[in-house]
**Q** 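Here you go, one structure.
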Amino acid sequence: QRTNGGGCVIDVSMTEGAQSMLVMSLARHAVDGEPVGKGRDFLVGGTPCYDVYRAKDGGYITVGALEERFWTSMIRIMGLEKEIGEGAFACEAEGIHVQDVLRRAFRTRTSEEWERIFAPHVNEVMVSVVKDPESAPVRTVPVCIDGKTFDFVRTPLNMRGATCATK
């Protein structure tokens, strides 16, 4: 800002952002007292259809098959119809069994192999290989602040000479 008048200051609360992702868990806790924690709730590893699994090469595969059609297609493509059936939303003992079957299945191939297997079915399954930041597709996020639009990928971030305001 000092040299050419460009740039901006953005104040973002990471705590508030993280809390917004807990709405379902906190609501469930408020209603029935169910404890909040990793692997216990619907969207944090508590169901087989929405979890992260490890591949043979140590890479990760994300599964977001929240709709029956996506779950059914994934299980069919993986050849697990008989072993898993309709356990997408299974909980407790059945859910643990289904997750164990998926863990074993995903460990039989590398993440690259899984990517090739699911690639022709991109509209039928919600499965993705987790990429490192360097190989992930770059997406821009245009944000409007005080009538000005900022594109956060194209706006260079320069921390040299940055100062922090303290209270």
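Predicted, not measured: the structure shown is a model, and the values here were computed from it. One-based numbering along the sequence shown.
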**Q** Identify the heavy atoms of K131 and E115 that sit nearest to each other, and give their distance.
**A** NZ-OE2, 3.0 Å

**Q** Look up atom CD1 in I84 and atom CD in Q99, then write down how far apart they are to the nearest 0.5 Å.
**A**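 One finds 10.0 Å between CD1 of I84 and CD of Q99.
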
**Q** Out of curiosity, does M126 fall in the hydrophobic cluster containing Y50 (side-chain heavy atoms, cut-off under 4.5 Å, transitive links)?
**A** no

**Q** Would you indicate whether E81, at its atom CD, is surrounded by more than 12 heavy atoms from other residues, nucleotides or ligands within a distance under 6.0 Å?
**A** yes

**Q** Indicate if Y60 and V127 have the same hydrophobic cluster label, given that clusters are the connected sets of ILVMFWY residues with side-chain heavy-atom separations under 4.5 angstrom.
**A**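 No, it is not one cluster - the side chains of Y60 and V127 are not joined through contacts under 4.5 Å.
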
**Q** If I compare all heavy atoms of G95 with all of P48, which pair ends up nearest, and what's the gap?
**A**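 So the two residues come closest at O-CG, 3.7 Å.
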
**Q** Does the side chain of V63 come within less than 4.5 Å of D51's, by heavy atoms?
**A** no

**Q** Mind checking whether L102 and M78 have side chains closer than 4.5 Å, heavy atoms only?
**A**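 In short, these two side chains touch, coming nearer than 4.5 Å.
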
**Q** Over all heavy atoms of both residues, which pair between A55 and S111 is shortest? Give the atoms and the distance, please.
**A**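 Smallest heavy-atom distance, with atoms named: CB-N, 3.5 Å.
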
**Q** Is the backbone of T62 close enough, under 3.5 Å, to the side chain of S128 for a donor and an acceptor to pair up by distance?
**A** no

**Q** With a 4.5 Å cut-off on side-chain heavy atoms, are W114 and K56 touching?
**A**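 No - every pair of side-chain heavy atoms lies 4.5 Å or more apart.
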
**Q** Verify, without hydrogens or angle tests, whether E113 (side chain) and T110 (backbone) share a donor-acceptor contact under 3.5 angstrom.
**A**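 Yes: the side chain of E113 pairs with the backbone of T110.
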
**Q** Main chain of R69, side chain of T72: is a donor-acceptor contact present, judged purely on distance under 3.5 Å?
**A** no

**Q** Do you know the tightest heavy-atom contact between D57 and E112?
**A**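 Closest approach of D57 to E112: OD2-N, 4.3 Å.
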
**Q** Taking L80 as the starting point, is it possible to reach I117 by hopping between hydrophobic residues whose side chains are less than 4.5 Å apart?
**A** yes

**Q** Can you tell me how far CD1 of I61 sits from CZ of R107, rounded to the nearest 0.5 angstrom?
**A**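 Here the interatomic distance stands at 11.0 Å.
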
**Q** Treating Ile, Leu, Val, Met, Phe, Trp and Tyr as nodes and any side-chain heavy-atom pair under 4.5 angstrom as an edge, say whether L66 and F70 lie in one connected cluster.
**A**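 Different clusters: L66 never reaches F70 through Ile, Leu, Val, Met, Phe, Trp or Tyr contacts under 4.5 Å.
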
**Q** Show the nearest heavy-atom pair for residues R116 and P120, with the distance to one decimal.
**A**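 Closest pair (atom of R116, atom of P120, distance): O-CD, 3.2 Å.
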
**Q** Specify whether Y53 and F106 have parallel, tilted or perpendicular ring planes, treating 30° as the upper limit for parallel and 60° as the lower limit for perpendicular.
**A**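 Rings of Y53 and F106: parallel, under 30°.
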
**Q** Quick one, I77 and M74 - any side-chain contact, counting heavy atoms below 4.5 Å?
**A** no

